[in-house]
Amino acid sequence: MSKNLVIVESPAKAKTIEGFLGKDYIVKSSYGHVMDLNKTQLSVDIEHGFEPQYEVSADKKKLVAELKKLAKEAEMVWLASDEDREGEAISWHLFKALGLKEDKTKRIVFHEITKTAIAHAIENPRGIDLNLVSAQQARRVLDRLVGYELSPLLWRKVKPALSAGRVQSVAVRLIVEREEEVKDFKVTSAYRVTAVFSVDGQPNAKLKAELSERFAIEADAQNFLTSCIGAGYTVSAVEKKPMKKSPAAPFTTSTLQQEASRKLGYSVGNTMRVAQHLYESGKITYMRTDSVNLSNLALSLAKDEITNSFGKEYVKTRKYTTKTKGAQEAHEAIRPTSMAASSISGTSEEKRLYDLIWKRTLASQMADAELEKTTITVDISSSKYTFIATGEVILFDGFLKVYLEGNDDDSSEESADLLPPVKNGQVLKVGEILAQQRFTRGPARYTEASLVKKLEELGIGRPSTYAPTISTIQKREYVVKEDRPGTSREYKVLSLLSDKITSKTEAENVGFEKSKLFPTDIGILVNKFLCQYFESIIDFNFTANVEKEFDEIADGNQAWNKMIGEFYGPFHKKIEDTNENSAKFSGEKLLGVDPVSGKNLFVKVGRYGPMVQLGDTDSEEKPKFAGLHKNQTMDTLTLEDALELFSFPRTLGEYETKEMAVAIGRFGPYVKHDSKFYSLAKTDDPASIDAERAIEIILAKREKEEQASIQEFQQEPDLKVLNGRYGPYITFKKKNYKIPKGADPAKLSLEECMAIVANPDNAPKKAFKGKRK
DNA sequence: CAGTGAGCGAGCTTCCGCTTGACTT
């Protein structure tokens with residue numbers, strides 16, 4: 001058949017390359033790694049040099065068989081996985097899994113998907129770099145050992161089904177520590193003084209200026225304003241300074257995630273999903289990259305586009321180099337495949353993300369913006385202080401014509417304005433002078449994207465793992481992403497206008513948070529555990545240090561299993577030691593004593609999460625337990641809150657001869673009636689809800705159910721055809737079944753429904769539970 | 001846009017990095 005089989009990692013890449021290579025080449029994809037350690041066991045032979053037991057991944061068996069067949073028929077197999085540690089390992093695993101022969105296998109690499117780059121790669125093949133493979137093996141084994149020894153320890157000491165790892169545990173640590181910083185931050189205030197001047201002969205011109213000094217206390221601000229009564233104001237200096245602004249580098253995964261978050265409000269996961277789409281439809285280059293490099297082709301495409309749209313003076317071809325720790329640069333930066341396409345067809349999400357990528361790429365190849373910054377100093381006849389006004393004028397817009405990078409901190413109070421022309425020595429007329437109380441701002445909580453930025457700075461995680469890591473720490477409930485309302489804060493404003501000082505108090509809303517990451521009680525507790533016993537693993541430099549060793553291995557200067565051995569000895573000893581000698585780590589805290597029973601009341605993390613416990617664990621009488629509400633935290637829970645938790649379930653009286661009770665369950669507060677459950681509305685308070693309101697809730701839900709119901713059958717009350725979120729479905733004995741396409745849900749007979757239920761094709765899909773062997 | 005509603009007992013959970021599907025009841 002085909003003489004040559006080329007294997008790359010991504011199917012979209014395969015398609016493009018096949019176009020470049022012609023009919024003698026068939027190009028296939030490995031879809032990433034084809035071999036990995038078994039998920040259900042450690043799969044590292046500790047006794048024998050930490051030899052990893054790789055196997056073909058379950059979901060790759062079919063693919064490997066197909067590739068094997070193609071490889072057999074080909075005269076030459078070209079392994080073209082990425083040129084980085086993981087890519088080299090993929091080639092090695094393919095070599096093994098496909099049973100390739102050395103004389104019939106070549107390893108090639110390229111960093112950009114262009115015809116010349118591919119041709120060059122084919123002319124310059126090499127062998128598989130086994131040192132680099134060893135480095136990957138060290139990385140893989142280290143992560144497995146850390147993850148699979150630490151996690152079970154957490155199950156025993158803290159709570160089942162938790163996890164820890166080199167990357168996720170640092171991510172959690174960052175969020176926990178940031179929260180502490182936010183809580184510990186001491187807010188101080190000072191009076192910021194601003195004045196508005198008018199200029200003779202320029203009736204519409206306003207000169208806004210700020211005083212060079214801020215006053216710590218109100219009395220000082222007051223004194224200053226008093227001193228200004230009747231004072232004169234003269235321009236004492238006008239200074240002009242030229243400035244330049246340069247465009248930001250083209251997008252990497254991390255910077256794309258940040259900008260899409262800042263400018264479009266996309267979550268990290270959403271950005272990657274949309275980008276994947278753009279990539280698969282050939283509109284952008286690969287979206288998981290740490291490189292800011294653009295191919296020569298891209299540079300010239302950008303140059304043409306800029307020349308055509310804006311003129312030659314806007315062109316400045318730039319080569320960017322990465323400064324990111326641990327970058328492996330196997331790909332190009334993220335860019336449009338065609339710079340001429342300034343917009344695309346697609347969903348609005350896709351269009352907006354593409355627009356961002358297009359502009360960023362174009363701007364990166366454009367001239368600097370030239371600005372002039374003007375600083376005007378205004379003397380006060382009665383004071384040693386001066387007012388300063390700053391303004392900016394754009395002399396040449398350059399790259400600003402298309403794009404300006406966003407900013408994470410929203411603290412910039414006002415943007416610099418255009419200033420009216422004034423001369424040194426000119427006398428100004430003052431309008432209002434304001435002294436406003438301003439407060440210092442504490443550190444900002446992380447968003448998903450700013451956490452990615454931080455992780456990248458620390459060299460922790462890779463472009464392919466940023467989004468999954470963020471989803472893992474939320475899935476484990478170490479962290480929640482949510483909005484939180486702010487609080488109202490009063491501030492003082494003093495005003496001097498027409499020689500009269502007035503004072504008033506105003507209010508502002510502060511501390512409102514949108515889509516920020518907050519640690520949960522579990523996250524805080526697990527972090528505390530790891531800090532106490534495994535500080536070295538969640539050290540911010542741990543990854544950077546092991547990366548140095550991986551580089552040594554890649555350079556052939558160290559044996560990988562020797563490195564792992566040196567790490568594993570002390571690590572494993574600490575695991576065993578902690579397992580044997582430490583008590584349960586529940587974060588238990590004594591809240592006080594129950595005034596009724598006189599028993600101790602504790603708050604702690606139990607098998608199912610944060611809970612309160614009434615009575616001592618080792619007392620004869622079994623203690624009582626109750627879980628915390630969703631919006632309660634162990635840190636802020638009071639004795640009263642805790643006592644209230646024990647007041648459930650509370651009976652509310654009878655309705656239709658059946659008892660009603662209010663209780664708090666896994667999904668929040670609910671009313672139970674006639675063995676049915678009715679969730680309370682968010683506005684209902686379970687502590688004070690009465691029978692009347694409970695009946696309202698019951699009736700409301702009944703009505704809703706009625707509306708959702710498409711069909712019911714008297715002969716078989718367990719079976720119903722309902723209208724759900726994903727459309728009509730059949731529910732039978734607490735299980736739901738999909739309705740085959742083409743069937744009209746309203747006209748199904750009972751027999752037809754029973755047939756649907758009996759057909760395993762329509763059965764509810766369950767998570768893989770079967771176990772082999 | 002639905003439904004879900006703990007608490008010994010039995011057995012399970014877990015890592016990080018590469019890649020895309022298949023598409024819920």
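Keep in mind it's a predicted model, so treat the numbers as computed, not measured. Just so it is clear: chains get the letters A, B, ... in the order the sequence lines come, proteins before strands, and each one is counted from 1.
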Q | Contact under 4.0 Å: A:T465 side-chain N or O vs B:dG17 OP1/OP2 | A | yes
**Q.** Stretch residues 81-89 of chain A: residues that reach within less than 4.0 Å of DNA chain B through a heavy atom
**A.** A:D82, A:E86
Q) Does a side-chain N or O from A:R166 land closer than 4.0 Å to OP1 or OP2 of B:dG17, or not? A) yes
Q.
Looking only at the side chain of A:S151 (C-beta and beyond, no hydrogens), which of the listed nucleotides B:dC16, B:dG5, B:dT14 gets closest?
A. B:dT14
Q) Taking only N and O in the side chain of A:S464, is any of them less than 4.0 Å away from OP1 or OP2 of B:dC18? A) yes
Q | Residues within residues 5-15 of chain A bordering DNA chain B, heavy-atom distance below 4.0 Å | A | A:E9, A:S10, A:P11
Q) Is there a donor-acceptor contact under 3.5 Å linking the side chains of A:S163 and A:Q168? A) yes
Q) For A:Y31 and B:dC18, do the ring centres fall under 5.5 Å apart while the planes stay under 30° apart? A) no
Q: Return the set of residues passing salt bridge (Lys or Arg N to Asp or Glu O under 4.0 Å) with A:R476 (not counting sequence neighbours), or none when no residue passes.
A: none
Q | Side-chain H-bond candidate by donor/acceptor type, A:E149 with A:H572, under 3.5 Å | A | yes
Q.
Categorize A:T472 for me: base, sugar-phosphate, or nothing, with a 4.0 angstrom heavy-atom threshold over every strand shown.
A. sugar-phosphate
Q. Going by distance alone, is a donor N or O of one side chain under 3.5 Å from an acceptor N or O of the other, for A:Q136 and A:E88?
A. no
Q. Does A:R144 count as lying over the ring of A:F50, i.e. NZ or CZ under 6.0 Å from the six-ring centre, within 45 degrees of the axis?
A. no
Q) Donor-acceptor pair under 3.5 Å: do we get one between A:R462's side chain and the base of B:dC18? A) no
Q: Would you kindly give the NE2-to-P distance between A:H673 and B:dG5, to the nearest whole Å?
A: 18 Å
Name the atoms and distances for all side-chain donor-acceptor pairs under 3.5 Å in residues 607-615 of chain A, with sequence neighbours left out.
{"from": "A:Q613", "atom 1": "OE1", "to": "A:K604", "atom 2": "NZ", "distance (Å)": "2.9"}
{"from": "A:Q613", "atom 1": "NE2", "to": "A:G615", "atom 2": "O", "distance (Å)": "3.0"}
{"from": "A:Q613", "atom 1": "NE2", "to": "A:T617", "atom 2": "OG1", "distance (Å)": "2.9"}

**Q.** Donor-acceptor side-chain pairing of A:Q53 and A:S43 below 3.5 angstrom
**A.** no
Q) Is the shortest side-chain N to carboxylate O distance from A:R273 to A:E349 below 4.0 Å? A) no
**Q.** Distance-only side-chain donor-acceptor flag, A:T253 / A:R462, under 3.5 Å
**A.** no
(Q) Please pick, from B:dT13, B:dT19, B:dC15, the nucleotide with the shortest atom-to-atom distance to any side-chain atom of A:P160. (A) B:dT13
Q. B:dC15 phosphate, OP1 or OP2: any side-chain N/O from A:R476 under 4.0 angstrom?
A. yes
Q.
How many whole angstroms separate atom CZ of A:R288 from atom C1' of B:dC16?
A. 14 Å
Q.
Ignoring hydrogens, what is the shortest heavy-atom contact between A:E477 and A:T520? Give both atom names and the distance.
A. O-OG1, 2.6 Å
(Q) Salt bridge or not between A:R85 and A:E547? Use side-chain N to carboxylate O under 4.0 Å. (A) yes
Q: List in chain and number order the residues that pass salt bridge (Lys or Arg N to Asp or Glu O under 4.0 Å) with A:D59, two or more places apart in sequence or in another chain; answer none if no residue qualifies.
A: none
Q: Determine the Euclidean distance between corresponding P atoms of B:dC1 and B:dA22; express it in Å to zero decimal places.
A: 30 Å
Q: Give the minimum heavy-atom separation between A:R139 and A:F550, together with the two atoms involved.
A: CA-CZ, 3.5 Å
Q) Which part of the nucleic acid does A:Y279 contact within heavy-atom distance under 4.0 Å: base, sugar-phosphate only, or nothing? A) sugar-phosphate
Q.
Measuring from the side chain of A:V167 (C-beta onward, heavy atoms only), which nucleotide among B:dT13, B:dC15, B:dG17 has the closest atom?
A. B:dG17
**Q.** A:M611, nearest nucleotide to its side chain (from B:dC15, B:dG5, B:dG7)
**A.** B:dG7
Q: Pick the P atom in B:dG9 and in B:dT13, then give their distance to the nearest Å.
A: 16 Å
Q | Whole angstrom value for the distance that separates P of B:dG17 from CD of A:E456 | A | 13 Å
Q: Tell me what A:Y286 touches on the nucleic acid: a base, only sugar-phosphate, or nothing, going by heavy atoms under 4.0 Å.
A: sugar-phosphate
Q) Pick one for B:dC18: is it syn, with its angle within 90° of 0, or anti? A) anti
Q.
What contact category does A:Q168 fall into here, base, sugar-phosphate, or nothing, at under 4.0 angstrom with non-hydrogen atoms?
A. sugar-phosphate
Q: Rounded to the nearest angstrom, tell me the gap between atom OH in A:Y148 and atom C1' in B:dG17.
A: 14 Å
Q: Return the value, rounded to whole Å, for the distance between atom CG of A:N38 and atom P of B:dT14.
A: 14 Å
Q: Take A:A161 and A:E280, find for each the nucleotide of DNA chain B with the closest heavy atom, and name the residue whose nucleotide sits nearer the 5' end.
A: A:A161
Q. Any side-chain N or O of A:R156 under 4.0 Å from OP1/OP2 of B:dT14?
A. no
Q. Just checking A:G165: base, sugar-phosphate only, or nothing, at a heavy-atom cut-off of under 4.0 Å?
A. sugar-phosphate
Q) B:dT4 P sits how many Å from A:K672 NZ, rounded? A) 13 Å
Protein and nucleotides 8-10 of chain B: nitrogen or oxygen contacts under 3.5 angstrom:
none

Q | Distance, rounded to the nearest Å, where A:Q613 contributes CD and B:dA6 contributes P | A | 20 Å
Q | Centroid-centroid distance, A:Y678 to A:Y670, less than 6.0 Å | A | no
Q: Sticking with atom C1', work out how far B:dA10 lies from B:dA6, rounded to a whole angstrom.
A: 16 Å
Q. Could you state the NZ-P distance from A:K61 to B:dT19, rounded to the nearest angstrom?
A. 22 Å
(Q) If you compare every side-chain N and O of A:Q276 against the phosphate oxygens of B:dT20 (OP1, OP2), does one of them come in below 4.0 Å? (A) yes
Q) Taking the same atom, C1', in B:dC8 and in B:dC12, what whole-Å distance lies between them? A) 16 Å
